[in-house]
Amino acid sequence: MKFIGDFHIHSHFSIATSKELQPEYLDYWARKKGIQVVGTGDFTHSGWTKELKEKLEPAEEGLFKVKKEFKKKIPFPVEDDVRFMLTAEISNIYKKNGKVRKVHNVVFAPSFEVVEKIQGKLSALGFNITSDGRPILGLDSRDLLNICLDASEEIFFVPAHIWTPWFSALGSKSGFDSIDECYDDLSGHIYAVETGLSTDPPMNWMVSSLDKYTLISNSDAHSPEKQGRNANLFDTEISYPSIIEAMKTGDPKKFLGTIDFFPQEGKYHYDGHRKCGIRWSPLETLQHDEVCPVCGKKITVGVMNRIATLADRENLQTRPNRHPFYSLIPLKEILAEIEGVGPNSKKIGKQYEHLIGKAGNEFNILLHYEINDIKSLAGEVLAEAIRRMRNREVYIKEGYDGEYGVIKVFKDGESKDFISQERMFAEPQAKYENSNKSKPLISFDIKTFQKLKKEKLPLKKEEIPDPTFDLFSQISDFTKDLNPEQKLAVDHDYGPALILAGPGTGKTKVLTVRIANLI
């Protein structure tokens with residue numbers, strides 16, 4: 001059976017999370033999103049496990065479902081088969097090899113009995129596991145793995161969001177240079193790593209030491225509605241052993257790939273200093289020796305820089321088990337861009353409920369439905385937005401130092417113009433629907449970057465690329481001599497255009513500049 005799973009989330013017992021992170025709301029939003037298996041999160045907290053036992057009942061092996069009396073009703077037909085898997089994120093802060101390490105790990109457990117064993121072992125060591133749903137332990141990640149394995153050989157242990165600067169196995173602030181270095185003699189029990197919101201699979205393919213791990217993706221949701229912003233695709237039986245086996249082996253017939261943020265939207269993709277408004281590409285960071293020119297403090301080195309530092313592969317096609325991945329934008333964000341209002345506005349909420357009521361769930365629109373079906377369901381503007389998103393035809397402003405990036409599918413004002421455009425033909429557009437105009441994630445030479453970083457050579461200003469990017473090239477130099485009617489023809493970038501003009505009026509120039517604009 002094909003289904004979507006999102007395992008790394010939190011409960012209302014975690015600091016800075018929504019009070020609605022309760023089983024019934026997680027179930028409610030998973031159904032609306034189209035997610036079949038959800039992690040419980042926070043199983044180390046006794047208050048949360050007590051609530052889980054009260055509101056969940058056993059389903060398939062190692063899985064649970066919300067009891068009928070707690071289930072929230074949805075006013076339209078949806079698939080009603082959400083299952084819960086026992087999971088928890090644990091923060092490990094400790095000193096190793098002369099450095100302070102801050103690593104987050106996600107643990108999967110097959111039963112409440114195993115969960116209680118882990119709780120008991122951690123409590124016996126004197127750790128406070130009830131002050132926060134995601135406990136902070138002064139414990140080596142290797143030793144935590146050992147404790148979990150002692151509780152059950154069936155546990156599944158995953159390094160969380162491995163590139164995040166502050167709390168991860170490979171992050172720039174306190175991480176290691178390999179997974180083996182972090183987990184020592186027990187690293188053989190690590191079968192998968194979590195990529196995080198600021199990277200996608202191709203970025204991880206650049207580092208060959210990760211070849212032996214399945215790359216999984218989860219939302220790390222701090223509210224029920226954020227489920228599914230990153231997730232995993234399966235074709236297995238719905239049971240704990242089957243799901244774990246698919247992630248352990250990476251069998252492409254069982255683990256079908258991941259759903260991801262556009263990595264540039266992640267809040268640690270680029271380097272920078274948010275308070276001072278500094279957002280840098282890795283090469284710009286090199287030029288400034290990681291020092292903020294505004295306040296003089298060290299900037300936060302993001303995941304792009306960190307991956308580029310450890311990258312040792314030029315040809316990504318040599319990476320084994322390159323599972324498919326799908327970069328998506330949440331439906332509310334797309335609707336908000338089209339309407340020019342906030343994604344949490346009442347207008348967008350009403351549109352969202354109407355659309356998923358017709359489609360059955362959000363992923364049907366974002367991932368599964370054909371573009372023509374979306375057009376029939378929701379109109380041409382949303383269909384074109386989804387088409388562009390799927391083809392990676394997007395405008396990008398990278399996230400940095402805790403600030404989310406911005407991913408847009410329309411130029412400013414374009415969605416409004418799009419509604420009123422008259423198209424002469426419909427069919428020719430179909431041949432563009434499978435085009436790939438994605439921006440290269442690495443817009444600089446890795447070897448040069450690594451050489452400059454190692455030797456700390458100064459960079460010339462002209463060697464640094466502009467960190468901002470528009471998919472459609474800026475052509476102001478070409479258009480400066482065009483009259484208003486000619487420019488109108490050039491700016492028309494959706495569907496066919498018919499140019500009617502007499503001899504010597506600049507038809508050829510208009511057509512060639514329009515081609516440049518489209519490219």
Side-chain angles (χ1 to χ4, degrees), residues 1-10 26-27 29-41 60 62-63 79 81-89 104-110 155-163 190-205 210 212-221 224 226-263 266 319-330 361-364 366-368:
M1 175 182 175
K2 291 184 178 180
F3 61 93
I4 295 172
D6 180 7
F7 308 116
H8 178 179
I9 64 167
H10 289 281
L26 290 168
D27 171 86
W29 275 101
R31 284 183 282 152
K32 291 171 78 169
K33 293 281 184 175
I35 303 168
Q36 283 74 45
V37 184
V38 180
T40 60
E60 296 79 8
L63 302 180
E79 293 186 20
D81 59 352
V82 175
R83 297 295 185 261
F84 285 83
M85 180 183 290
L86 297 168
T87 62
E89 183 185 27
H104 284 187
N105 297 287
V106 178
V107 185
F108 297 64
I155 66 99
F156 189 55
F157 197 97
V158 178
H161 40 67
I162 59 171
W163 299 105
I190 304 295
Y191 298 93
V193 295
E194 184 183 74
T195 56
L197 299 180
S198 295
T199 76
D200 65 2
M203 292 175 66
N204 290 266
W205 297 346
L210 298 178
K212 56 188 174 183
Y213 306 112
T214 303
L215 303 176
I216 69 172
S217 188
N218 299 296
S219 67
D220 195 359
K226 296 298 184 182
Q227 290 178 95
R229 56 184 179 178
N230 276 20
N232 307 279
L233 299 161
F234 295 90
D235 188 1
T236 72
E237 293 180 357
I238 295 187
S239 70
Y240 180 90
S242 296
I243 294 170
I244 298 302
E245 183 66 16
M247 290 190 287
K248 271 189 173 183
T249 64
D251 183 343
K253 293 182 179 179
K254 297 178 180 179
F255 185 82
L256 305 183
T258 55
I259 294 166
D260 298 271
F261 251 29
F262 280 88
R319 204 274 189 188
N321 285 339
R322 296 185 311 278
H323 294 99
F325 67 99
Y326 305 88
S327 300
L328 303 181
I329 304 170
N361 63 61
E362 183 174 344
F363 277 128
N364 280 342
L366 296 180
L367 187 63
H368 302 309

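- Between Leu256 and Pro324, the shortest heavy-atom distance links the atoms O-CD, 3.4 Å.
- Atom-to-atom distance recorded for Glu362:CD and Ile35:CD1 is 8.5 Å, nearest 0.5 angstrom.
- To the nearest 0.5 Å, atoms CG (Leu328) and CG (Asp260) are separated by 8.0 Å.
- Between the OH atom in Tyr326 and the NE2 atom in His368 there is a gap of 9.5 Å [rounded to 0.5 Å].
- Among all heavy-atom pairs drawn from Leu86 and Thr40, the shortest one is CA-OG1, 3.5 Å.
- With 3.5 Å as the limit, one finds a donor-acceptor pair spanning the side chains of Thr199 and Asn204.
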> Given the rule in the side-chain contact (heavy atoms from CB on, under 4.5 Å) test, do Thr195 and Ile162 qualify, once you have shown the distances and angles that lead to the verdict?
Replying inline: CA-CA 6 Å; Thr195 56; Ile162 59 171; 5.9 Å; no
>> side-chain contact (heavy atoms from CB on, under 4.5 Å), that's the test. Do Thr87 and Val107 meet it? Break it down for me.
In response: CA-CA 6 Å; Thr87 62; Val107 185; over 6 Å; no
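- Taking the six-membered ring for Trp and the full ring otherwise, the centers of His323 and Phe255 sit less than 6.0 Å from each other.
- For the pair Thr258 and Leu215, the tightest heavy-atom approach, listed with the atom from each and the gap, is CG2-O, 3.5 Å.
- Among all heavy-atom pairs drawn from Tyr240 and Ile155, the shortest one is OH-CA, 3.8 Å.
- Screening residues 248-257 for side-chain hydrogen bond (donor to acceptor under 3.5 Å, both in side chains), with sequence neighbours left out, gives no hits.
- Using modelled atom types and a 3.5 Å distance limit, the side chains of Glu89 and His104 yield a donor-acceptor pair.
- Ile4 is listed as a side-chain neighbour of Ile259, based on a closest heavy-atom distance under 4.5 Å.
- Gly228 approaches Ser219 most closely through the heavy-atom pair N-CB, 3.8 Å.
- For Arg319 (side chain) and Asn321 (main-chain N/O), a donor-acceptor pair under 3.5 Å exists by modelled atom type.
- In this structure, Thr214 contributes its side chain and Met247 its backbone to a donor-acceptor pair below 3.5 Å.
- Taken from CE in Met203 to CZ in Phe325, the straight-line distance is 11.0 Å, to the nearest 0.5 Å.
- Looking at heavy atoms from C-beta onward, Leu26 lies in side-chain contact with Phe84 at the 4.5 angstrom threshold.
- The only option from Ile243, Val158, Val38 that meets the side-chain contact (heavy atoms from CB on, under 4.5 Å) definition with Phe7 turns out to be Ile243.
- Judged purely by distance below 3.5 Å, without hydrogens or angles, the side chains of Asn218 and Asn232 pair a donor atom with an acceptor atom.
- With rounding to the nearest 0.5 Å, the separation of OG1 in Thr236 from CE in Met1 is 9.0 Å.
- Proximity of a side-chain donor or acceptor of Ser217 to a complementary backbone N or O of Asn230 within less than 3.5 Å is not detected.
- A donor-acceptor contact shorter than 3.5 Å is absent between the side chain of Gln36 and the backbone of Phe3.
- Between Phe261 and Ser327, the shortest heavy-atom contact is O-OG, 4.2 Å.
- Contacts of Lys212 classified as salt bridge (Lys or Arg N to Asp or Glu O under 4.0 Å), with partners at least two apart in sequence or in another chain: Asp180.
- Taking CG of Asn361 as the reference point, atom CZ of Arg31 lies at 12.0 Å (rounded to 0.5 Å).
- Aromatic ring pairs are classed by plane angle as parallel below 30°, tilted from 30° to 60° and perpendicular above 60°; the pair Tyr191 and Phe156 is parallel.
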>> Using the rule given for side-chain contact (heavy atoms from CB on, under 4.5 Å), can you reason through Asn105 versus Ile190, listing the C-alpha separation, both sets of side-chain angles and the distance that settles it, and then say yes or no?
In response: CA-CA 11 Å; Asn105 297 287; Ile190 304 295; over 6 Å; no
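- Under the 3.5 Å distance criterion, with hydrogens and angles disregarded, a donor-acceptor pair is assigned to the side chains of Asp220 and His10.
- Remark: side-chain polar atoms of Glu194 are paired, donor with acceptor, to backbone N or O of His161 under 3.5 angstrom.
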